[in-house]
Amino acid sequence: MLDIKSIREQPDSVRRRLATRGAGDEAKIDKLLKLDEILRQWNAEIQKLNAQLNKTSKEIGALMTQKRTTEAEEKKAEARQIGDKIAKLQSEKKALEGGKEGDTISDLFRRSILLELPNLPHETVPEGKDAQDNRLVRTWGEKSTFSFKPKPHIDLCESLKLVDFARGAKLSGSGFLLFTGWGARLERALIQFLLDLHITHHGYTEVSPPFIVGRHCMEGVGQFPKFVDQSYAVRQGVRDFDYDFDEPDEEDQDEAEAIGVLKAQDFLVPTAEAPVVNIHREEILKESQLPIRYVAYSPCFRAEAGAAGVGTRGMIRVHQFDKVELIKIVKPEHSYDELEKMVADAERVLQSLGLHYRVVLLCTGDMGFASAKTYDIEVWAPGQGSYLEVSSCSNCEDFQARRMNLRFKTEAGENRFPHILNGSGTALARLFVALVETFQQTDGSISIPAALQPYLKADRITA
RNA sequence: GGAAGGGUGGCUGAGUGGUUGAAGGCACCUGACUCGAAAUCAGGCGUAGGAGCAAUCCUACCGUGGGUUCAAAUCCCACCCCUUCCGCCA
């Protein structure tokens with residue numbers, strides 16, 4: 001969430017920076033400022049009346065204790081008039097906004113616009129429209145060479161029986177993976193390897209969060225309200241479940257409500273960032289507690305609505321994948337140093353495994369909603385003949401902290417919003433792909449990098 | 001899911017509908033005493049928004065949201081959470 005004060009003070013600068021994202025959000029600023037203006041007027045007026053009312057009420061109290069009831073009654077009539085005025089102003093305020101019953105203007109105000117505005121890009125972020133304009137920062141290693149034509153992971157997974165794509169789809173639909181045998185073991189070994197690496201070498205504290213979070217958490221990290229359609233909603237204890245779902249009719253809406261989808265307050269995590277960043281929501285941390293560094297494994301659930309048909313084969317775009325996530329909560333003045341370190345931490349994963357990769361600085365148009373600056377790490381997958389994004393490290397500055405009202409108290413006693421960073425360290429599925437494709441042998445087996453061997457308890461996967 | 005109890009400031013713990021933003025205690029900060037410290041004494045000590053150069057003043061907040069009232073931490077309704085017991089269950 002952006003700071004309404006700075007929008008008020010420098011609307012042009014905010015507009016300009018939002019415009020670089022290319023989503024047209026800068027157009028909302030005028031409406032926002034107008035609302036802000038109105039809100040402040042109403043509040044000032046209502047506040048004044050409240051002061052009058054409070055004063056009168058106290059006078060009535062004093063009169064009552066002195067048993068001067070006649071005078072008290074007169075005052076009451078006076079107070080009632082003030083009360084009427086306040087009620088009138090409040091209902092006008094609601095009407096003005098077309099607000100629903102129970103909404104205050106500030107709720108609406110906050111929800112409707114501020115929550116929808118993305119973060120402002122940092123000055124060092126290149127302006128651009130899409131991935132084409134991202135800037136290559138560095139590469140590590142080289143594309144591996146083969147004496148044969150490297151196979152895509154799908155073929156390798158099938159011949160080595162690492163993943164049963166058909167049965168995964170049978171269970172849960174396309175985009176869900178059934179790991180089998182060495183595939184399952186490799187997946188598990190990778191998770192363990194990643195966690196250990198970050199815990200023992202990079203100073204992160206492991207947390208293991210719930211995989212279902214409330215909507216407030218999704219809102220806190222900036223996932224909602226914009227990406228509601230990308231999430232999986234869940235609801236416990238569904239009653240009166242209607243099984244006749246294959247016959248959509250005009251009652252679809254009712255049916256959806258019956259199973260609780262429309263009213264869902266709980267969601268499968270799209271990333272461990274959702275629960276972990278929210279760990280300290282609504283807290284005031286001590287300055288001495290910072291920086292906080294967490295590492296967490298979680299499965300990630302993504303509806304990928306609208307992406308049907310795009311790279312749906314194989315493991316590159318799936319509805320559920322594993323990920324080890326890095327989270328940092330730091331003092332504002334350190335956040336960009338911490339971002340560089342976080343990228344290095346994620347890079348170390350690929351270096352230890354001997355995988356060729358490149359680091360890309362995302363341009364303004366390609367960055368995520370909450371981020372002020374993002375580096376992507378893309379690993380080389382020879383069977384695909386392309387780079388796959390396995391990590392995205394972002395500094396969200398105070399954007400998320402504002403949304404979840406997370407602050408820290410400085411030595412001087414001032415409350416400030418910390419900066420929050422998140423980065424994949426790294427996403428599995430795609431790492432799995434790069435690994436099997438990179439280390440495939442002439443005989444169709446996969447050799448395992450030394451760093452991973454203790455975890456897999458094998459140096460080679462064969463059919 | 002059923003029953004009972006409970007949610008008040010950093011913690012603890014009071015609070016007959018009317019100077020209660022909230023007693024008391026602990027912790028913390030400042031000052032006095034002391035060579036210094038402890039003990040003791042005096043004072044201070046929540047968050048957010050608004051007005052003002054400033055001292056300061058105003059408003060909101062006692063789980064959340066409604067309601068009753070001139071006035072709500074206090075009364076009413078709904079919901080959430082916690083604890084204990086029961087049921088169910090990995």
Side-chain angles (χ1 to χ4, degrees), chain A residues 1-9 32-33 35-91 93-94 99-111 114 208 210-217 219-220 234-241 260 263-266 275 278-289 398 401-418:
Chain A
M1 186 155 65
L2 302 180
D3 180 13
I4 185 67
K5 271 191 213 159
S6 60
I7 297 178
R8 222 181 269 148
E9 284 159 16
L32 178 66
L33 286 173
L35 261 167
D36 180 49
E37 178 72 32
I38 294 167
L39 172 75
R40 276 142 46 91
Q41 274 174 19
W42 284 114
N43 280 350
E45 222 159 312
I46 286 173
Q47 210 172 286
K48 220 183 287 170
L49 287 171
N50 265 329
Q52 271 180 45
L53 183 64
N54 287 345
K55 197 172 154 233
T56 312
S57 289
K58 277 188 184 169
E59 286 166 9
I60 294 170
L63 291 172
M64 293 295 272
T65 50
Q66 294 169 42
K67 301 273 196 289
R68 293 155 67 181
T69 46
T70 326
E71 289 161 86
E73 284 304 324
E74 281 168 24
K75 284 279 182 192
K76 274 194 195 182
E78 203 179 297
R80 224 167 281 146
Q81 280 185 357
I82 300 171
D84 287 348
K85 267 193 214 169
I86 295 172
K88 195 170 155 234
L89 278 182
Q90 270 165 347
S91 67
K93 190 164 94 165
K94 267 183 213 169
K100 288 168 293 191
E101 205 57 41
D103 279 335
T104 68
I105 194 171
S106 51
D107 281 342
L108 263 167
F109 173 79
R110 186 181 62 97
R111 197 160 48 232
L114 273 181
S208 180
F211 300 152
I212 293 177
V213 293
R215 60 180 292 172
H216 57 291
C217 290
E219 228 169 66
V234 294
R235 179 156 172 142
Q236 59 166 315
V238 174
R239 284 202 192 67
D240 307 322
F241 186 80
K263 293 178 194 154
Q265 298 291 316
D266 298 314
N278 279 285
I279 287 175
H280 298 290
R281 77 187 337 266
E282 285 156 50
E283 291 181 19
I284 300 178
L285 302 169
K286 290 189 200 114
E287 186 166 9
S288 59
Q289 285 177 268
D398 61 9
R402 277 180 201 288
R403 289 184 158 236
M404 62 186 70
N405 203 22
L406 164 61
R407 290 161 296 173
F408 72 97
K409 199 180 275 293
T410 62
E411 305 292 349
E414 183 197 5
N415 288 331
R416 297 183 65 191
F417 292 106

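Sequence lines set the chain letters: A, B, ... in the order given, protein chains first and strands last, and positions in each chain run from 1.
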Distance from A:Asp36 atom CG to A:Lys5 atom NZ, nearest 0.5 Å?
->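 Those atoms lie 11.5 Å apart.
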Could you work out, with salt bridge (Lys or Arg N to Asp or Glu O under 4.0 Å) as the rule, every residue matching [X], not counting sequence neighbours?
X	result
A:Arg407	none
A:Glu74	none
A:Arg80	none
A:Glu59	A:Lys75

[atom1] atoms of [N] and [M], separation to the nearest Å:
N	M	atom1	value
B:C33	B:A42	C1'	11 Å
B:A71	B:U59	P	15 Å
B:U69	B:C75	C1'	10 Å
B:C28	B:A38	P	10 Å
B:A37	B:U74	P	47 Å
B:G31	B:A22	C1'	27 Å
B:G67	B:A72	P	12 Å
B:A54	B:G50	P	14 Å

For A:Leu49, which residues count as a side-chain contact (heavy atoms from CB on, under 4.5 Å) partner, sequence neighbours excluded?
-> A:Gln52, A:Ile82, A:Lys85, A:Ile86, A:Leu89
Using atom types as modelled and distance alone, determine if a side-chain donor or acceptor of A:Arg281 lies under 3.5 Å from a backbone N or O of A:His216.
-> yes
Starting at [atom1] of [X] and ending at [atom2] of [N], how long is that distance when rounded to a whole Å?
X	N	atom1	atom2	answer
A:Leu49	B:A71	CG	P	13 Å
A:Gln81	B:U69	CD	C1'	17 Å
A:Lys286	B:C28	NZ	P	12 Å
A:Ile86	B:C70	CD1	P	13 Å

Where along nucleotides 48-63 of chain B does protein come under 4.0 Å, by heavy atom, of base (B) or sugar-phosphate alone (S), with - for untouched nucleotides?
-> SBS-------BSS---
What nitrogen or oxygen pairs link the protein and nucleotides 77-81 of chain B at under 3.5 Å?
none

Kindly write out the residues that satisfy side chain to side chain donor-acceptor pair (under 3.5 Å) with [X], not counting sequence neighbours, or none if the list is empty.
X	value
A:Glu71	A:Arg68
A:Arg416	none
A:Asn415	A:Lys409

[X] versus [Y], closest heavy-atom pair with distance:
X	Y	result
A:Ala79	A:Thr56	CB-CG2, 4.0 Å
A:Pro275	A:Pro210	CG-O, 3.7 Å
A:Leu406	A:Phe417	O-CD2, 3.3 Å

Would you mind classifying the nucleic acid contact of A:Leu53 as base, sugar-phosphate or nothing, using non-hydrogen atoms under 4.0 angstrom?
-> sugar-phosphate
Involving RNA chain B, stems made of at least three consecutive Watson-Crick or G-U pairs, both distances under 3.5 Å | B:1-7 with B:80-86, B:10-12 with B:24-26, B:28-32 with B:40-44, B:46-51 with B:56-61, B:63-67 with B:75-79
Answer whether the closest heavy-atom distance between the side chains of A:Ile7 and A:Leu32 falls below 4.5 Å.
-> yes
Check: protein-nucleotides 18-23 of chain B nitrogen or oxygen pairs below 3.5 Å:
| residue | atom | partner | partner atom | Å |
| --- | --- | --- | --- | --- |
| B:G18 | N2 | A:Ser57 | O | 3.0 |

